[in-house]
Protein chains: 2
Amino acid sequence: MAILQKSIDKRNALIKATIELVNNAGFHATPMSKIAKMANVSPATIYLYFENKQDLVNKTYIEVKAEYTKYAFESYDENMSVEQGFEIIWKRIADFKLNDSENAMFLAQCDNTPMIDELSRQEGIKHLQPLLDLWARGKKEGIIKPISDYLLYAYAINPLSFLMMSQKRGAIILDRKHIEEAYQSAWNSIKTCDQ
Amino acid sequence: MAILQKSIDKRNALIKATIELVNNAGFHATPMSKIAKMANVSPATIYLYFENKQDLVNKTYIEVKAEYTKYAFESYDENMSVEQGFEIIWKRIADFKLNDSENAMFLAQCDNTPMIDELSRQEGIKHLQPLLDLWARGKKEGIIKPISDYLLYAYAINPLSFLMMSQKRGAIILDRKHIEEAYQSAWNSIKTCDQ
DNA sequence: TAAAAAAGAATGAACATTCATTTTTGTGTT
DNA sequence: AACACAAAAATGAATGTTCATTCTTTTTTA
């Protein structure tokens, strides 16, 4: 029996429980015993799948990040025009934050706290490469402002995180109508002005 | 001897230590004993100033938030034009995040985790009222897009939080030049298009 | 039937909070 | 000014709990 035979279902249940509990209480206020209970598993079993608590949360982060970017780039292909590509990616990201807000909130918490190891954080960033490539192309073609990727991200993508958090806290702001509105703001802030 | 005579210096030292340690390790990974040590105080003394750990962090949040908004609105006055008022407030906020990034990071962590009581969170929001009033005026005068305050905040103010976090993690993106650039993005995304 | 997987109980460390004392402070008296 | 002293403030050590991780045993699997 090799490692591969350990139940992938149990592993997934552990990841899922981690996300839900960390969202509600934060990493350090979430005991391993609770994670185990929610995943219907003994606490000791967690250590068959993960080295320790830190490893569990690091791996959870990387998996959620991968899922997020996979979803974001699913319907994008590199032959699209810059404008069309951006719209498709942006709207997929908005969808993700709306429909899969448990996962999205988890990422927001990871990105704003010292809860994740620096190494895993950097690992997570790599998944965004297709978007950075698209922006590079857009800048070359003169369609996207020649400013740093950080500024582009700050004004075009990150606002969605704030909207998601507001949504989660009771504001109703991410329905169909507002998405279109928000998309226009996003595009306006990164496209070159003389278009 | 009344409560008032307890040293305000000690209380301030405790708040400061809380901010620094929570920034580095997160709320639950920051023991009271460490906070006490950094503030040069016995652990038991903390309980003369705060009810318990949760109360300490709630009060810290409210104080930092008050400091933040006091700074943001310091040079603003209600007789300014909407455009001028917005620019002044926006740049003060940018300054705060740049120069007082310990405090700003602490707020970011509070805003993206379950670490603060809901009541204190709401208390903190109230301080933003002058900005919401300015936006209301701007909308009435047709200068600012008639969209929700959440959207306005998401696209005009919140991006600064992302830029600050990136800065903290090593990117050099918030110098004078970029601030002006970022401000133009912010203003573009909330002003009405036919200006 | 042997190896892997899983379990529950045990272990020991870390921590928030309280307790019993000591130190400091401000006031009134000589 | 020096002192006495009560109330407040501060302390370090103790308490009891919670929790990550490990250990030993049982169950499952091939």
Side-chain angles (χ1 to χ4, degrees), chain A residues 1-61 106 109-110 113-117 120, chain B residues 1-61 106 109-110 113-117 120:
Chain A
M1 255 187 191
I3 270 185
L4 285 176
Q5 289 173 294
K6 279 191 284 187
S7 156
I8 190 71
D9 290 345
K10 283 214 178 82
R11 191 177 187 280
N12 288 339
L14 284 168
I15 298 246
K16 188 158 182 289
T18 301
I19 294 164
E20 180 166 343
L21 291 169
V22 167
N23 273 349
N24 284 324
F27 172 50
H28 287 284
T30 298
M32 295 295 258
S33 55
K34 259 195 192 167
I35 296 175
K37 189 167 286 175
M38 179 171 276
N40 279 315
V41 135
S42 156
T45 303
I46 301 182
Y47 293 86
L48 300 175
Y49 292 85
F50 303 95
E51 282 170 48
N52 49 41
K53 197 181 175 186
Q54 186 62 54
D55 181 53
L56 166 60
V57 77
N58 284 340
K59 296 239 166 82
T60 301
Y61 173 71
F106 180 77
Q109 193 170 165
C110 292
T113 67
M115 133 188 174
I116 297 292
D117 281 351
S120 301
Chain B
M1 256 185 193
I3 271 184
L4 284 175
Q5 290 174 294
K6 279 191 283 189
S7 158
I8 191 70
D9 291 344
K10 283 213 177 84
R11 191 177 187 280
N12 287 341
L14 284 168
I15 298 246
K16 190 159 180 292
T18 302
I19 293 164
E20 181 166 342
L21 292 169
V22 167
N23 274 349
N24 284 324
F27 172 49
H28 287 283
T30 299
M32 295 296 257
S33 55
K34 258 195 192 167
I35 297 175
K37 189 166 285 174
M38 179 169 277
N40 279 315
V41 133
S42 156
T45 303
I46 301 182
Y47 294 85
L48 299 175
Y49 291 85
F50 304 94
E51 282 171 48
N52 50 41
K53 197 180 176 189
Q54 185 62 54
D55 181 53
L56 166 60
V57 78
N58 284 340
K59 296 240 167 80
T60 301
Y61 172 71
F106 181 77
Q109 191 168 168
C110 292
T113 68
M115 133 190 174
I116 297 292
D117 282 351
S120 301

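Nothing here was measured: the structure is a model prediction, and the numbers come from that model. Residue numbers start from 1 in every chain, and the chains themselves are labelled A, B, ... in the order their sequence lines are given, proteins ahead of strands.
Atom pair A:Met32:CE and C:dA10:P shows a separation of 20 Å (rounding to whole Å applied). The CG-C1' distance, from B:Asp9 to D:dA9, rounds to 14 Å in whole Å. Distance A:Lys34 NZ to D:dC19 C1': 12 Å, rounded to the nearest Å. Computed from coordinates, the B:His28 NE2 to D:dA20 P distance equals 12 Å when rounded to whole Å. Per the geometry, CD1 belonging to B:Ile8 stands 13 Å off P belonging to D:dA9, to the nearest Å. Going from atom CG of B:Leu14 over to atom P of C:dA16 covers 14 Å, rounded to whole Å.
Considering every non-hydrogen atom in both A:Met115 and A:Cys110, the closest pair reads CE-SG, 3.4 Å. The two residues B:Ser33 and B:Pro43 have their closest heavy-atom pair at CA-CG, 4.4 Å. Nearest heavy atoms, B:Leu56 versus B:Met32: CD2-SD, 4.3 Å. What you find for A:Tyr49 and A:Ser7 is that their closest heavy atoms are OH-N, 3.1 Å.
Contact check, A:Lys10 against C:dA6: a side-chain N or O comes under 4.0 Å of OP1 or OP2.
Residue pairs meeting the salt bridge (charged side-chain N to carboxylate O under 4.0 Å, His left out) criterion with at least one member in residues 7-26 of chain B, sequence neighbours excluded, are B:Arg11-B:Glu63. Among residues at least two apart or in separate chains, salt bridge (charged side-chain N to carboxylate O under 4.0 Å, His left out) pairs with a member in residues 40-57 of chain B are B:Asp55-B:Lys59.
Between D:dC19, D:dA10, C:dA6, one nucleotide has an atom nearer to the side chain of A:Pro31 than all others, and that is D:dC19.
Taken residue by residue, residues 39-56 of chain B places heavy atoms nearer than 4.0 Å to DNA chain D at B:Val41, B:Ser42, B:Ala44, B:Thr45, B:Leu48, B:Tyr49.
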